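What follows is a short report on a single structure.
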Amino acid sequence: QVQLVESGGGLVQAGGSLRLSCAPSGRAFSTYAMGWFRQAPGKERDFVTAISWSGSITAYADSVKGRLTISKDNAKNTVYLQMNSLKSEDTAVYYCAAKGGTFTVIRNKSSYDYWGQGTQVTVSS
């Protein structure tokens with residue numbers, strides 16, 4: 001059983017920055033893809049970004065390109081989401097997700113095996 005724990009959320013002014021972290025616990029995957037999703041009140045949980053096991057392949061939603069950056073540190077077994085130039089529309093609960101047994105990126109939320117409980121990001125305008 002794998003558990004994912006997000007951290008780093010909070011309240012920030014528009015134009016500010018935050019960095020989210022996702023740390024897994026329990027049984028580790030040999031190879032895995034990681035992703036970040038977000039869900040605003042009354043809306044669907046949407047894809048934000050994803051990264052391959054090697055870190056060489058990344059994907060981003062159009063709405064966050066150039067502002068949000070996904071990265072990973074295999075030595076620490078941790079995935080990060082660096083968020084810059086934040087906008088009010090970035091306000092949401094952010095979830096990390098993991099899919100074992102793959103070398104590629106995964107954009108479809110239904111393909112992920114494990115999910116964190118989420119961390120709140122609130123951007124004030």
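From a predicted model like this one, the values you see are computed outputs, not experimental measurements. Numbering starts at 1 and runs along the sequence shown.
The CG atom of Asn74 sits 5.0 Å away from atom OH of Tyr32, with the distance rounded to the nearest 0.5 Å. Atom CG in Asp46 sits 12.0 Å away from atom OH in Tyr95 (nearest 0.5 Å). Residue Asp90 holds its CG atom at 7.5 Å from OG of Ser63, rounded to the nearest 0.5 Å. Taken from CG in Leu68 to OG in Ser85, the straight-line distance is 9.5 Å, to the nearest 0.5 Å. Ser110 contributes atom OG, which lies 9.5 Å from atom NZ of Lys99 (distance to the nearest 0.5 angstrom). Atom OH of residue Tyr112 and atom OG1 of residue Thr102 lie 9.0 Å apart, to the nearest 0.5 angstrom.
Looking at every heavy atom in both residues, Trp53 comes nearest to Thr31 through CD1-CA, 3.7 Å. The minimum heavy-atom distance between Ala92 and Gln120, with the atom names listed, is O-NE2, 3.4 Å. Closest non-hydrogen pair, Ser125 versus Ser88, comes out as CB-CB, 4.3 Å. Closest of all the heavy-atom pairs between Gln82 and Ser17 is NE2-CB, 4.2 Å. Summarising the geometry of Ala23 relative to Thr78, their closest heavy-atom pair is CB-OG1, 4.3 Å, with the distance given to 0.1 Å.
With Thr119 contributing its side chain and Gly9 its backbone, the two residues share a donor-acceptor pair below 3.5 Å. Listed for the Gln117 side chain is no donor-acceptor partner under 3.5 Å among the backbone atoms of Glu6. Asp113 places a side-chain N or O within donor-acceptor distance of the main-chain N or O of Gly100, the cut-off being under 3.5 Å.
Screening residues 95-125 for disulfide (SG to SG under 2.5 Å), with sequence neighbours left out, gives Cys22-Cys96. Residue pairs meeting the salt bridge (Lys or Arg N to Asp or Glu O under 4.0 Å) criterion with at least one member in residues 72-88, sequence neighbours excluded, do not occur. Applying the salt bridge (Lys or Arg N to Asp or Glu O under 4.0 Å) definition to pairs two or more places apart or across chains, none involves residues 116-125. For residues 51-66, every residue pair satisfying the salt bridge (Lys or Arg N to Asp or Glu O under 4.0 Å) rule, not counting sequence neighbours, is listed here: Asp62-Lys65. Screening residues 39-79 for disulfide (SG to SG under 2.5 Å) gives no qualifying pairs among residues at least two apart or on separate chains.
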*Kindly indicate, with the supporting measurements, whether the criterion side chain to side chain contact (heavy atoms under 4.5 Å, CB included) is fulfilled by Val105 and Ser52.*
CA-CA 5 Å; Val105 292; Ser52 65; 4.1 Å; yes

_CA sep, side-chain torsions, deciding dist, call: Thr91, Arg38, side chain to side chain contact (heavy atoms under 4.5 Å, CB included)_ = CA-CA 9 Å; Thr91 295; Arg38 66 187 181 186; over 6 Å; no

*Starting from the C-alpha separation in whole Å, work towards a yes-or-no answer on side chain to side chain contact (heavy atoms under 4.5 Å, CB included) for Phe103 and Ile57.*
CA-CA 9 Å; Phe103 290 97; Ile57 309 172; over 6 Å; no

*asked:* Please determine whether side chain to side chain contact (heavy atoms under 4.5 Å, CB included) holds for the pair Met83 and Val121, giving the CA-CA distance in whole Å, both sets of side-chain angles, and the decisive distance to 0.1 Å.
replied: CA-CA 10 Å; Met83 303 187 293; Val121 172; 3.8 Å; yes

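Note on Val48: it clusters hydrophobically with Val79, by side-chain heavy-atom contacts below 4.5 Å among ILVMFWY residues. Hydrophobic clustering of Ile, Leu, Val, Met, Phe, Trp and Tyr side chains at less than 4.5 Å, counting indirect connections, unites Leu86 with Ile70. Val93 is not connected to Leu20 by any chain of hydrophobic side-chain contacts under 4.5 Å among Ile, Leu, Val, Met, Phe, Trp and Tyr, and they are in different clusters. By the criterion of side-chain heavy atoms lying less than 4.5 angstrom apart, applied directly or through intervening Ile, Leu, Val, Met, Phe, Trp or Tyr residues, Phe37 is not grouped with Ile51; the two fall into different hydrophobic clusters. A single hydrophobic cluster is seen to contain both Val12 and Trp36, as judged by linkage of ILVMFWY side chains at heavy-atom distances under 4.5 Å, directly or through other members.
Taking Arg45 as the reference, nothing meets the salt bridge (charged side-chain N to carboxylate O under 4.0 Å, His left out) condition, with sequence neighbours excluded.
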